[in-house]
There are 2 protein chains.
Amino acid sequence: MSPSPRAETTVGAGPAVEAWEALLRSQVALWRLLEADDVWEPITPREYDVLHTLGRCPDGRARIRDLHREVLLSQPSLSRLVERMAEAGLVAREPDPADGRGTVVVLTETGDRLRRRVGARHAESIRRTVGVALDEREQQALRLLCDKLRAGTRT
Amino acid sequence: MSPSPRAETTVGAGPAVEAWEALLRSQVALWRLLEADDVWEPITPREYDVLHTLGRCPDGRARIRDLHREVLLSQPSLSRLVERMAEAGLVAREPDPADGRGTVVVLTETGDRLRRRVGARHAESIRRTVGVALDEREQQALRLLCDKLRAGTRT
DNA sequence: CCAAGGTCCATGCGTTTGCATGGACACAGG
DNA sequence: CCTGTGTCCATGCAAACGCATGGACCTTGG
């Protein structure tokens, strides 16, 4: 509303803020493209995220608590998402023998096949999209910086 | 479910996929910290996103269509979010004199004050979080890479 | 061994989201 | 001018979300 003094917080916010904002906006922009790409077919991106995360766990199994750390979703929402995926046969739920409170989510054969199929298409989609914007050296630099950022914030 | 051949799609997916995955995961991790930080007080992060985006527009006004490009939200959801924010007095909605279909969203005095107040706290939160993980040179490098990535994908 | 406190998951509930759609307007080509 | 096509925003509706909470189970200290 004021004619010009809007610049204060946006211009001189410092390199940390600018870095975060660039990170956020590039992630959002890229995500929209990847999400809109026709590679998900029988599942949603969020379901694939769960499958993908499970795929990186030993034996394709993980506690809900551990999935919750990776997937951007509240614990109740994740709980119900897993429930739906179990009904669809993508995962199975079994009690944790080592901890009576825990629920272990297991990738089924069907779920693993789907993970591979969608994963391959999705990866190709990523290569197309990221590949035109950054060369291989820049991709690696970006990866290093993001990994360092994530490691440094996990205090 | 297979004992070991799970590595295929995760290991050798290529630098582009690894870069995107690192970007995604660092963004999610950081976002959780920033979202959990007690700086939002009277509004939600998504509402702040709208205020912030409006703040960077000339005269603090923008079409819903333009907001939609920046904010990660479907058009109907954004439409209703703006509606709620208008009821709360943070923005005002008026028809676009230049385009009968359009709705212009205007930052009110109240909304702009709130934007500044939350923005300052949020920026401080970002500096704390990002600052401990990356030094200033790395922050700038990250910003450049992300900007280039976003520019390159906007084809 | 027991009590107190913490962790983990599931469920009730109100809110918000996305999809599909519709109405109003803009913008060409004939 | 006017008709067809495309754009922009709002709304009905079902699905999904987050918050608050509860019950079951671990864990620690006395």
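Reckoned from all heavy atoms, side chains included, excluding hydrogens, waters and symmetry mates. Everything numeric here is computed off the predicted structure, so don't read it as measured data. Each chain gets a letter, A, B and so on, in the order its sequence line appears, and its residues count up from 1.
No engagement by Leu81(B) is indicated, since no non-hydrogen atom pair under 4.0 Å with the nucleic acid exists. The residue Ser77(A) sits close to a base: some heavy atom pair falls under 4.0 Å.
Salt bridge Asp49(A)/Arg46(A): absent, no basic N to carboxylate O contact under 4.0 Å. A salt bridge between Glu21(A) and Arg143(B) is absent, with no side-chain N of the basic residue lying under 4.0 Å from a carboxylate O of the acidic one. A salt bridge links Arg127(A) with Glu124(A): at least one charged nitrogen is closer than 4.0 Å to a carboxylate oxygen. A salt bridge is absent between Asp38(A) and Arg121(A); no separation between the charged side-chain nitrogens and carboxylate oxygens falls under 4.0 Å.
Contact between the side-chain N/O atoms of Arg84(A) and the OP1/OP2 oxygens of dC17(D) is found at a separation under 4.0 Å. Close to dT11(C), at under 4.0 Å from its OP1 or OP2, lies no side-chain N or O of Ser79(A). Distances shorter than 4.0 Å separate none of the side-chain N or O atoms of Ser74(B) from OP1 or OP2 on dT17(C). Taking 4.0 angstrom as the limit, Arg63(A) places a side-chain polar atom (N or O) nearer than this to OP1 or OP2 of dC9(C).
Both Asp99(A) and Pro76(A) sit near DNA chain C, but only Asp99(A) has its closest nucleotide nearer the 5' end.
Atom P of nucleotide dA10(C) and atom CD of Glu87(A) are separated by 12 Å, given to the nearest angstrom. Counting to the nearest Å, the P atom of dG18(D) and the CD atom of Glu35(B) are 9 Å from each other. Nucleotide dC8(D) holds its P atom 13 Å from the CG atom of Leu78(B), rounded to whole Å. One can place CD of Gln75(A) at 14 Å from C1' of dG12(C), the figure rounded to the nearest angstrom. One atom, CZ of Arg101(B), and another, P of dC25(C), lie 11 Å apart when rounded to the nearest Å. A straight line from CG of Asp66(A) to C1' of dT7(C) spans 13 Å, rounded to a whole angstrom. Between the CG atom of Leu72(A) and the P atom of dC17(D) there is a distance of 11 Å, rounded to whole Å. Here the P atom of nucleotide dC8(C) and the NE2 atom of His68(A) are 10 Å apart, to the nearest Å.
In the interface, the side chain of Glu83(A) is not paired with the base of dA10(C) through any donor and acceptor atom under 3.5 Å apart. Side-chain N/O atoms of Arg46(B) and base N/O atoms of dG18(D) include no donor-acceptor pair closer than 3.5 Å.
Ring planes of Trp20(A) and Trp31(B): parallel class, angle under 30° (limits at 30 and 60°).
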